[in-house]
Amino acid sequence: MTLLEPDTDGQLALEDDCVDLFDLAGDPLDAAVARLKVGVKPTVEDIALLSEAARTAQRAFEEVGRANDVLDDASDLGEELATALSDSLRRRARAEIPALLGALRAQAARVELSEAVRTIANRILGNGGPDEPAALDSVPALTADLLPRVPSVYDDEEEPGASLADLWERQERLVRIQARVRRERVEHVAAHLVALAERIVDRAFLDARFTRAALDEMDRAHALWCACLDEG
């Protein structure tokens, strides 16, 4: 008998139908253990049931070990992805970002599936699962309205009697300020993306609800970052 991935109902499937995992701790197994405790010679059925229970427990321990390995890999890979994302954003390497966001989402899905298997394995072993967060931690949302506003010519009132030289100097100053603010807008969104990636990795992708919400926000922030780049 082999533990497989959770099915659509979140239950762990079996490779054969010979034993229902969650019936192993029921009356037949309890009765077999009780007979052994009082020194009664086990029947063939007792031996088969106890052997199946032992194999199931061993398999459950193996699944927990594999889940631990997944978390270790996720921590290392997550840090690498967050660092790569920061570097790509700094270089404004637009073409590299979608693949990095996709890799973060794939790693999150892998951890979520692994933790679902761990939960079922722990149920088999009689261990309690992790506590569910009481409430979903908020994921900060960034919109264009929250970014520094690019000034326009209408923000600087023209002084009466200003010379052409004054107007030219004022225009050059405005262009410099606009370029600086546009850079700040790009950097602001980039910092938001990196901060979200780091929060996901710090949690080792374990808070599935937070991770999904943060990844969705990163997709929106990526679109905003591209729009800021297109501003010039």
Side-chain angles (χ1 to χ4, degrees), residues 3-13 60 63-90 92-125 127-147 185-229:
L3 300 182
L4 302 179
E5 295 178 354
D7 59 20
T8 55
D9 295 325
Q11 300 300 313
L12 203 62
E63 292 293 349
V64 171
R66 271 190 281 273
N68 291 337
D69 292 340
V70 168
L71 286 186
D72 290 340
D73 292 343
S75 179
D76 293 339
L77 180 58
E79 290 180 2
E80 293 175 6
L81 290 172
T83 299
L85 178 64
S86 177
D87 179 66
S88 296
L89 290 167
R90 178 183 55 79
R92 299 191 176 188
R94 187 192 298 237
E96 297 175 3
I97 308 302
L100 293 171
L101 295 181
L104 282 169
R105 193 174 287 276
Q107 189 60 46
R110 182 176 177 228
V111 170
E112 186 171 356
L113 175 60
S114 176
E115 289 304 300
V117 174
R118 181 204 295 274
T119 297
I120 296 173
N122 278 329
R123 285 177 61 192
I124 295 169
L125 298 172
N127 299 329
D131 294 333
E132 287 291 331
L136 175 64
D137 285 352
S138 61
V139 175
L142 184 64
T143 64
D145 293 339
L146 298 176
L147 297 176
R185 287 165 65 88
V186 172
E187 292 167 0
H188 193 93
V189 182
H192 179 63
L193 279 162
V194 172
L196 286 173
E198 289 176 345
R199 287 184 67 182
I200 292 172
V201 173
D202 285 344
R203 296 162 183 254
F205 302 88
L206 277 173
D207 189 337
R209 293 184 301 167
F210 175 86
T211 298
R212 288 193 294 267
L215 288 169
D216 290 343
E217 170 61 19
M218 289 181 74
D219 287 341
R220 290 188 290 269
H222 171 236
L224 179 58
W225 182 76
C226 291
C228 290
L229 285 181

For residues 217-225, dump all side-chain donor-acceptor pairs below 3.5 Å to protein atoms at least two apart in sequence or in another chain.
residue : atom : partner : partner atom : Å
E217    : OE1  : R220    : NE           : 3.3
E217    : OE1  : R220    : NH2          : 3.3
E217    : OE2  : L142    : N            : 3.0
E217    : OE2  : H192    : NE2          : 2.9
D219    : OD2  : R105    : NH2          : 2.9

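- Annotation: side chain to side chain contact (heavy atoms under 4.5 Å, CB included) contacts of V70 (sequence neighbours excluded): R110, V111, S114.
- Contacts of E96 classified as side-chain hydrogen bond (donor to acceptor under 3.5 Å, both in side chains), with partners at least two apart in sequence or in another chain: S88, R91.
- Residue C228 comes nearest to R185 through the heavy atom pair SG-CB, 4.1 Å, listed as atom of the first residue, atom of the second, then distance.
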Please tabulate, one pair per line, all N/O donor-acceptor pairs under 3.5 Å involving side-chain atoms of residues 196-203, not counting sequence neighbours.
residue : atom : partner : partner atom : Å
R203    : NH1  : D137    : OD2          : 3.2
R203    : NH1  : D207    : OD2          : 3.4
R203    : NH2  : D137    : OD2          : 2.8

**Asked** Which is it for N68 and V64 under the side-chain contact (heavy atoms from CB on, under 4.5 Å) test, yes or no, and what are the steps along the way?
**Response** CA-CA 6 Å; N68 291 337; V64 171; 4.1 Å; yes

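- Every side chain to side chain contact (heavy atoms under 4.5 Å, CB included) that R212 has, sequence neighbours left out, goes to E112, A208, R209.
- L81 has its side chain out of reach of L85: every pair of non-hydrogen atoms, C-beta onward, lies at least 4.5 Å apart.
- Under 4.0 Å is where a charged nitrogen must lie from a carboxylate oxygen, and between R66 and D69 no such pair does.
- Atom CG of L193 and atom NE2 of H188 lie 11.0 Å apart (nearest 0.5 Å).
- Counting only heavy atoms from C-beta outward, the side chains of F205 and L71 never approach each other to under 4.5 Å.
- A donor-acceptor pair under 3.5 Å links the side-chain atoms of T119 to the main chain of E115, judged by distance alone.
- When all heavy atoms of L89 and A190 are compared, the closest pair comes out as CD1-O, 3.7 Å.
- Taking CG from L229 and CZ from R94, the interatomic distance works out to 5.0 Å, rounded to the nearest 0.5 Å.
- Residue pairs that meet the salt bridge (charged side-chain N to carboxylate O under 4.0 Å, His left out) test with at least one member in residues 74-83, sequence neighbours left out, do not exist here.
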